[in-house]
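Take a look at the structure set out below.
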Amino acid sequence: MVPTDNLTSCLLEVILSHPALSCALLVATVAAIRWYIRDSYKVEGFSQKHVFITGCDSGFGNLLARQLDGKGFHVIAACLTDKGAADLSAAASSRLKTVLLDVTDSESVRRAVEFASKEVGQRGLWGLVNNAGRSVPIGPTEWMQLEDFTKVLDVNLIGVIDVTLQFLPLLKKAKGRVVNVASILGRLSLTGGGYCLSKFGVEAFSDSLRINMQPFGIKVSIIEPGFFKTAVTRLDIIEADLKRLWSRLPQEVKDSYGPTYFDKYVKAQDFSLNILCSPDISKVTACMEHALTAQFPRTRYAAGWDAKFFWIPLSYMPSFVSDFVTHLLLPPPKAN
Ligand SMILES: NC(=O)c1ccc[n+]([C@@H]2O[C@H](COP(=O)([O-])OP(=O)(O)OC[C@H]3O[C@@H](n4cnc5c(N)ncnc54)[C@H](OP(=O)(O)O)[C@@H]3O)[C@@H](O)[C@H]2O)c1
């Protein structure tokens with residue numbers, strides 16, 4: 001085996017002996033340094049800026065609300081429940097305001113905009129983070145009924161669109177930012193149900209929003225987390241819902257999967273989520289914070305090592321490769 005040091009020096013020697021390769025290396029190095037420096041420029045005056053975050057009862061939204069509050073931002077944290085709002089208020093400074101919001105209810109969104117517009121005054125809204133989301137029902141497509149899709153799409157996609165449209169006037173005033181939480185499941189459809197559809201939709205909505213709002217000075221970033229331990233990846237919730245989906249299937253459909261399939265499917269979910277989910281959710285909130293505080297926010301943030309080095313590269317590969325990986329994660333139904 002060639003030692004790594006020798007290999008590197010051989011490679012450098014080859015590159016430096018060719019003028020074109022040397023130029024390419026120089027340009028790439030300068031571009032990387034320029035990107036790194038540009039990436040670290042921050043906006044100023046956090047204490048003059050308001051950020052509205054949806055889904056702050058738990059998970060990423062809850063941590064981000066506390067994190068930005070600690071940095072001096074005026075955070076308006078939207079929670080689904082009274083308890084979520086009360087717990088968050090108790091854990092934050094008096095600057096942080098909570099508001100109740102169900103993103104599937106347009107009237108609730110309108111009331112939240114009214115509340116926020118009183119808070120932000122003439123400054124407008126600096127940041128809108130569309131974070132609220134749900135995962136279940138999730139599972140094989142054939143086990144789903146139409147309402148299982150709409151339950152998820154209503155929160156994760158239609159909710160994001162409604163909240164964004166209603167907040168746009170306030171964002172325009174501040175030449176603010178929209179941060180939309182998608183997922184690596186907005187790049188790869190690893191499971192059936194509405195979740196992947198909704199996240200693919202968030203990617204598309206954010207792309208068109210970014211292009212359309214760029215002339216008005218509004219920047220749009222997409223967060224693409226890998227797998228993290230939060231309520232959306234809680235095995236007990238996913239398993240209970242899978243049981244509901246399986247139990248209502250006609251016997252004929254159950255028979256086509258075989259008598260042991262359900263248990264194997266649940267075991268496979270347990271195994272992959274236990275291995276895949278990272279407990280360090282600050283990796284995601286660090287990306288969200290960068291999107292709100294960097295002078296030049298990125299268009300897409302891959303959050304987590306699994307997203308950066310496995311799922312997103314996999315999404316660029318031919319479908320037969322990603323299909324193969326997905327099949328590895330799932331048990332095969334009984335052969336016919
Ligand atoms: N965890 C992951 O591995 C992962 C990966 C990629 C993307 N994401 C996305 O990250 C976002 C945050 O999820 P999370 O992982 O932090 O899980 P989470 O703790 O369950 O956070 C989701 C939040 O959304 C709230 N919510 C649910 N339905 C709502 C509605 N109709 N209106 C308003 N709020 C609602 C939930 O409230 P309750 O707690 O009261 O239900 C909860 O506070 C979601 O969009 C999720 O899809 C998560």
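Remember, it's 1-based here, ligands and their atoms both numbered in the order they're listed.
Side-chain atoms of Arg298 never come within 3.5 Å of backbone atoms of Arg300 as a donor-acceptor pair (strictly under, hydrogens ignored).
Within the structure, side chain to side chain donor-acceptor pair (under 3.5 Å) pairs that include any residue of residues 312-321 comprise Arg187-Tyr316 (at least two apart or interchain).
Under 3.5 Å, the side chains of Ser106 and Asp162 contain a donor-acceptor pair of N or O atoms.
The residue from Phe271, Trp143, Tyr257 that alone fulfils the ring-ring contact (aromatic ring centres under 6.0 Å, His included) condition with Tyr265 is Trp143.
Between Asp263 and Lys267 there is no salt bridge, since none of the side-chain N atoms of the basic residue sits less than 4.0 Å from a carboxylate O of the acidic one. Between Arg248 and Asp148 there is a salt bridge, since at least one side-chain N of the basic residue sits less than 4.0 Å from a carboxylate O of the acidic one.
Residues of the protein with a heavy atom under 4.0 Å from ligand 1 are Gly55, Asp57, Ser58, Gly59, Phe60, Leu80, Thr81, Leu101, Asp102, Val103, Thr104, Asn131, Ala132, Gly133, Val155, Val181, Ala182, Ser183, Tyr195, Lys199, Pro225, Gly226, Phe227, Phe228, Thr230, Ala231, Val232, Thr233, listed by chain and number.
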